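As the structure is a prediction and not an experimental result, all values here were calculated from the model.
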Amino acid sequence: QVQLVESGGGWVQAGGTLTLSCVASGNIDKYTSMGWYRRPPGKAREAVAVVTNPEIASPRTVDYADSVKGRFTISGDSAKDTVTLQMNTLTVEDTGIYYCNIQGTSTWGMHVDSWGAGTQVIVSP
């Protein structure tokens, strides 16, 4: 079983910066993706930023939601079991609960798809 612990959420004024971190622990052998998702108030969960194949240089891909391109940066470090999300120039629309997700293969060959409990981000005008 893989556990994810998120940190770094909080309250910030529009235009401010926050950094979210997620640390994975457990029996994971290989990562196939590391990502951040969010659930805005009253809306469905959506992908924010996802790193695919973080353990290899190519064809490693990084995908961002259009609304965060140029403002958010995701960093996935499979060696450190960590994925971070640097969020700059935050807007009120970035408010929501942010969830870390990792997918991969466990040490005994099972597919892993784990979610963190979520961390709240509140951006005020």
Side-chain angles (χ1 to χ4, degrees):
Q1 188 172 357
V2 176
Q3 295 81 38
L4 303 180
V5 178
E6 302 131 325
S7 62
W11 172 87
V12 66
Q13 285 189 311
T17 297
L18 283 175
T19 300
L20 306 182
S21 294
C22 174
V23 179
S25 62
N27 299 313
I28 185 161
D29 179 56
K30 178 182 178 181
Y31 292 92
T32 54
S33 72
M34 308 174 85
W36 286 95
Y37 295 72
R38 69 185 178 190
R39 186 188 301 277
K43 298 183 180 180
R45 187 164 59 191
E46 60 187 17
V48 176
V50 180
V51 178
T52 303
N53 292 330
E55 297 191 24
I56 59 177
S58 176
R60 188 175 187 270
T61 61
V62 181
D63 294 305
Y64 293 96
D66 288 342
S67 61
V68 307
K69 286 180 179 177
R71 301 187 297 119
F72 290 12
T73 302
I74 187 170
S75 299
D77 189 336
S78 58
K80 296 182 179 180
D81 302 307
T82 300
V83 56
T84 62
L85 185 68
Q86 175 71 37
M87 305 187 293
N88 299 328
T89 319
L90 285 159
T91 71
V92 174
E93 288 69 34
D94 294 317
T95 293
I97 301 174
Y98 284 68
Y99 299 90
C100 174
N101 172 260
I102 66 101
Q103 297 188 34
T105 306
S106 71
T107 53
W108 51 83
M110 300 295 289
H111 176 68
V112 173
D113 184 357
S114 293
W115 292 88
T119 184
Q120 178 78 58
V121 172
I122 300 173
V123 184
S124 62

Which distance, rounded to the nearest 0.5 Å, do you find between the CH2 of W36 and the SG of C22?
5.0 Å

Test Q86 against L18 for side chain to side chain contact (heavy atoms under 4.5 Å, CB included), laying out the working first.
CA-CA 6 Å; Q86 175 71 37; L18 283 175; over 6 Å; no

Within-4.5 Å side-chain heavy-atom neighbours: Y37 and V50
yes

Give a yes or no on whether the backbone of S114 and the side-chain of N101 come within a donor-acceptor separation of less than 3.5 Å.
yes

Look at the side-chain heavy atoms of Ile, Leu, Val, Met, Phe, Trp and Tyr, link any pair under 4.5 Å apart, and say whether L85 and I97 land in one connected group.
no

Might you work through the side chain to side chain contact (heavy atoms under 4.5 Å, CB included) test for C100 and V83, ending with a clear yes or no?
CA-CA 8 Å; C100 174; V83 56; 3.6 Å; yes

For residues K30 and S78, determine if any side-chain heavy atom of one lies less than 4.5 Å from a side-chain heavy atom of the other.
no

When rounded to the nearest 0.5 angstrom, what distance separates CD in Q13 from OG1 in T91?
13.5 Å

T52 versus M34: any side-chain heavy-atom pair under 4.5 Å?
no

Pairwise distance CD(Q1) to OG(S106) - rounded to 0.5 angstrom:
11.5 Å

Value rounded to 0.5 Å, distance of OG1 in T73 from NZ in K69:
13.0 Å

Measure across G96 and P41 and return the closest heavy-atom pair with its distance rounded to 0.1 Å.
CA-CD, 4.3 Å

Where do T107 and I28 land on the side chain to side chain contact (heavy atoms under 4.5 Å, CB included) test, with the steps shown first?
CA-CA 5 Å; T107 53; I28 185 161; over 6 Å; no

Only one of T119, T95, V48 clears side chain to side chain contact (heavy atoms under 4.5 Å, CB included) with R38; which?
V48

Which atoms form the tightest heavy-atom contact between T82 and K80, and what is the distance?
OG1-O, 2.8 Å

T17 and V12 have their tightest heavy-atom pair at N-CG2, 3.9 Å

Is it the case that one hydrophobic cluster holds both V51 and Y64, taking links as side-chain heavy atoms less than 4.5 Å apart, direct or via other members?
yes

Grab the two heavy atoms, one from G9 and one from L20, that are nearest each other, plus how far apart they are.
N-CD2, 3.5 Å

Same apolar cluster (I L V M F W Y, side chains within < 4.5 Å links), V2/Y31
yes

Check A65 against A47 and note the closest heavy-atom contact, atom names and distance.
CB-O, 3.4 Å

Take R71 and D94 through the test side chain to side chain contact (heavy atoms under 4.5 Å, CB included) and record every step on the way to the result.
CA-CA 11 Å; R71 301 187 297 119; D94 294 317; 2.8 Å; yes

Any chain of hydrophobic side-chain contacts (each under 4.5 Å) joining I74 to L90?
yes

Could you label the plane-to-plane angle of the F72 and Y98 rings as parallel, tilted or perpendicular, counting under 30° as parallel and over 60° as perpendicular?
tilted

So does D113 get a backbone contact from the side chain of Q103, meaning a donor-acceptor N/O pair under 3.5 Å?
no

Roughly how far, to the nearest 0.5 Å, is the CG atom of N27 from the OG1 atom of T105?
12.5 Å

Shortest non-hydrogen contact from A24 toward L4:
CB-CD2, 3.4 Å

